[in-house]
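Remember, predicted model here, so these are calculated numbers, not experimental data. Every chain is numbered from 1 and lettered A, B, ... according to where its sequence line falls, protein lines coming before strand lines.
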Amino acid sequence: MALAGRRLKRLAIFAVLCVVVVVMLFPFAYMILTSFRSYDQFLAGSGFSLDSWQGLSDTLPVVQQLINSAIVTISAVALILFTSTTAGFAFAKLRFPVAPLLFVGILAGMMIPVQSIIIPEFVNIANVGLINQYPGPILVYAALGIPFGTYLMTTYFRGVPTELMEASLMDGASYRQIFTGVMLPLAIPAIVTVAVLQFIQIWGDLLIGLLFLNQPDVRTITVGLATLQSSRIVPVPMIMAGSILSALPAVIVYLFFQRQLIAGLTMGMGK
Amino acid sequence: VRDAAAFDHAVAEAEHARPPRSTGRLRRSERRAGMLFVVPAVVLYATLLALPILQTFYYSLTRWNGIDATFIGLGNYERLFTDPTFWRVVANNVVLLAAIPLAILIPLAVAFLLNEHVYGWRFFRSSYFLPTAISWVVIGIVAVRFFAQRGILNSLLSTLGIPLQTDMLASEWTAMLAVAITFIWSVFGTNTIIFITGMATLDRDVYEAARVDGAGGFATFRYITIPLLMRFIQFAFILTLITGFTALFSLIFVMTRGGPGFGTTTLEFYVYQTAFAQGQFGYAAAVGVVLFVIVFGISIIQLRLFRDRSD
């Protein structure tokens, strides 16, 4: 009797969790199904066609915008990794003047909402002529990612035994050699976590891309998609095809690095 | 969860200089290396984060069109606090605030069920977390299709035989409700993962003891799981709060553009509108300062909470 009750309870839990899966995965199913319909089929509610996928490339420079997204995202992530590993190593392992002050200052950057700095940022970037140039948004994204990246890398490097560094110093290695030869290889798990979190965040960002890349041929796919949607004249199935295309890279990254993403989230920040 | 408490901890550690360990020459080279290694991060941080936040404060005291700024003291703030639109915008933020209990309780309950590790729970966990990987823009696009007059919600209602048709995005408060529901849906995965991580740290024996004492599922949840998870609940709460105040720009842009009227304009969206649609950069900077003060305040409270607990 008790066993039967237990089974029933677990079955009920299973059923509830299934319902939640439907709610969470429904948008994905809807996007995929709708994208494989022509507009007429969408209105009729049945059928299969590749029209929308073909139409998408005529309406939106999707290939160019995917390339733009890749350039901007990968460069910004690379810049974040470079700055946060070097700074993290210094804050964790080296003694130098004003280090505590700089560290606290950089970490306080995590508390600045992007909307609170966006106006002067835009004007400054415009004044140096970087609107509609890749380096503009790349630099802004990189700066926004530095506080969290530096925090995570510093925490990680603190866990690496200082003896490792001292032994190399005795052998006459320079700090640069220690950093690239000893520290970086040890920090790969943290580096992957920062890279994955920042990739997903920057790939999906709208505001920075919208302001700093306002010409269709330099826009990122996320911005292209948002402007397509807000024009309200583009057929729904085509927008869904665009949505899938824009979501796919981040979803692939997610599927490969789920564990690191969760690790990064529970380290304090994330999306 | 190493959360922002770690910030506190890290700061405390950074303040304790380690004992001297090497000769003067080595010490000098360490200092030089340290300073060189932080230069890239500090330069980017100073020019692209620290400088603009200071500029925002300064420009909030000016009338500014992006080129010429005239100093007007607290004029923008006086105008802001007497502007009915501003208070309408704040009210929208309050609606989002009111959605937070649901954005915490639903994931908490689901995490509790997930923690029973029934058949397929790993698949469930991955599915719940998957939306975290897609952008707010894509979420917003599907949400528009869901709430639209000829959308999914209405066809669902008629399929179920419910004689009710909605058009939530067409009027102010229902549009805000639609945004809030989408917000709850979007943070579900993140919060569930936080709670599952928390539950994994709990001691199985406590549950055994509760079961032996005859506590039922709900009593266990209410009197054991929730109190033991308080740290994680606080963390999820703060994270959701900050998300609600600072991360919904794209969602609102795609779903409603802040409308109808100012029906779904939140503080962060108001900054964008007043600056880039109306060209009132100084006034928008004042809104930006208000937003900064709120978010900074929340973060400070968070640090306090975690400090109290770690001592």
Could you check which of [options] has the highest count of heavy-atom pairs closer than 4.5 Å to chain B?
{"options": "A247(A), P113(A), A90(A), S84(A)", "value": "P113(A)"}
{"options": "T150(A), I239(A), V236(A)", "value": "V236(A)"}
{"options": "G204(A), G149(A), P147(A)", "value": "G204(A)"}
{"options": "V98(A), D205(A), V251(A), L210(A)", "value": "L210(A)"}
{"options": "V123(A), I146(A), L17(A)", "value": "L17(A)"}
{"options": "A142(A), G88(A), P97(A)", "value": "P97(A)"}

When you check the side-chain N and O atoms of Q55(B) and N124(A), is any donor under 3.5 Å from an acceptor?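 A donor-acceptor contact under 3.5 Å links the two side chains.
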
Do we see a donor-acceptor contact under 3.5 Å between the side chains of N191(B) and T240(B)? yes

Under 4.5 Å from a heavy atom of chain B, the part of [X] involved:
{"X": "L11(A)", "value": "neither"}
{"X": "I112(A)", "value": "both"}
{"X": "I106(A)", "value": "both"}
{"X": "T222(A)", "value": "both"}
{"X": "I244(A)", "value": "neither"}
{"X": "I125(A)", "value": "side chain"}
{"X": "L25(A)", "value": "side chain"}
{"X": "F82(A)", "value": "side chain"}
{"X": "P249(A)", "value": "neither"}
{"X": "Y30(A)", "value": "side chain"}
{"X": "V21(A)", "value": "both"}
{"X": "V253(A)", "value": "neither"}
{"X": "I202(A)", "value": "neither"}
{"X": "L248(A)", "value": "neither"}

Which of [options] touches chain A most, by non-hydrogen pairs under 4.5 Å:
{"options": "F245(B), F281(B), W121(B), F276(B)", "result": "F276(B)"}
{"options": "L51(B), V118(B), V110(B)", "result": "V118(B)"}
{"options": "Y119(B), W185(B), Y59(B)", "result": "W185(B)"}
{"options": "L291(B), V289(B), V43(B)", "result": "L291(B)"}
{"options": "A41(B), S60(B), A46(B)", "result": "A41(B)"}

Distance check, rounded to the nearest 0.5 Å: [X] atom [atom1] versus [Y] atom [atom2]?
{"X": "L153(B)", "Y": "R145(B)", "atom1": "CG", "atom2": "CZ", "value": "12.0 Å"}
{"X": "I196(B)", "Y": "T192(B)", "atom1": "CD1", "atom2": "OG1", "value": "6.0 Å"}
{"X": "I294(B)", "Y": "I242(B)", "atom1": "CD1", "atom2": "CD1", "value": "11.5 Å"}

Is there a donor-acceptor contact under 3.5 Å from the side chain of [X] to the main chain of [Y]?
{"X": "T56(B)", "Y": "A285(B)", "answer": "no"}
{"X": "Q177(A)", "Y": "S174(A)", "answer": "yes"}
{"X": "E30(B)", "Y": "R95(A)", "answer": "yes"}
{"X": "T132(B)", "Y": "F129(B)", "answer": "yes"}
{"X": "T73(A)", "Y": "F199(A)", "answer": "no"}

Quick one: what part of [X] sits under 4.5 Å from any heavy atom of chain A, side chain, backbone, both or neither?
{"X": "Y58(B)", "result": "neither"}
{"X": "S29(B)", "result": "both"}
{"X": "S126(B)", "result": "both"}
{"X": "L36(B)", "result": "neither"}
{"X": "I152(B)", "result": "side chain"}
{"X": "R32(B)", "result": "neither"}

Tell me every residue that passes ring pair (Phe, Tyr, Trp, His ring centres under 6.0 Å) with F269(B), counting only those two or more places apart in sequence or in another chain.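 Only F249(B), Y272(B) meet the ring pair (Phe, Tyr, Trp, His ring centres under 6.0 Å) criterion with F269(B).
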
Set of residues satisfying ring pair (Phe, Tyr, Trp, His ring centres under 6.0 Å) with respect to F179(A), sequence neighbours excluded: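 So F179(A) forms a ring pair (Phe, Tyr, Trp, His ring centres under 6.0 Å) with F89(A), F37(B).
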
Is NZ or CZ of R257(B) both nearer than 6.0 Å to the six-membered ring centre of F253(B) and within 45° of the ring axis? yes

Does NZ or CZ of R158(A) come closer than 6.0 Å to the centre of the six-membered ring of F103(A), within 45° of the ring's axis?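 Verdict for F103(A): a cation-pi partner in R158(A).
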
Note, P131(B) side chain near F28(A) side chain (heavy atom, < 4.5 Å): yes

is_close_aromatic(F292(B), F57(B)), centroid dist under 6.0 Å: yes

Check the angle between the aromatic planes of Y283(B) and Y270(B) and answer parallel, tilted or perpendicular using the 30° and 60° thresholds.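 Y283(B) and Y270(B): perpendicular rings.
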
